[in-house]
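Heads up: the structure comes next, in structure tokens.
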Amino acid sequence: KLQRSILSGTEIEALALLPSRELLIAQVVGAIASPLQGLANVLSGPIRGLVIVLGQVQDQKASAA
């Protein structure tokens, strides 16, 4: 469309308001990474809980001895 027609003032303004290419790429990467990070947190939760419980058991055994 840019090569064969003259842009209106509104269209030029809309183009001027677009974020930079780098910012658009960063937004896409962030949108992709966010759910993956959430999944990693969900998957690591039970392991983290197990480590905490094992640490508490170890502390109880050390204080009882």
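With respect to L54, the side-chain contact (heavy atoms from CB on, under 4.5 Å) criterion is satisfied by exactly one of V51, I52, L50: L50. The side-chain contact (heavy atoms from CB on, under 4.5 Å) test with I25 singles out one residue from V29, V28, L23, and that residue is V29.
Annotation: the span from I6 atom CD1 to I12 atom CD1 amounts to 9.5 Å, rounded to 0.5 Å.
When hydrophobic clusters are built by joining Ile, Leu, Val, Met, Phe, Trp and Tyr residues whose side-chain heavy atoms come closer than 4.5 Å, directly or via intermediates, L7 is grouped together with L18.
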- Mind running side-chain contact (heavy atoms from CB on, under 4.5 Å) on Q27 and L24 for me, showing each step along the way? CA-CA 5 Å; Q27 289 174 343; L24 288 172; 3.7 Å; yes
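A distance-only check finds no donor-acceptor pair linking the side chain of Q37 to the backbone of S34 [under 3.5 Å].
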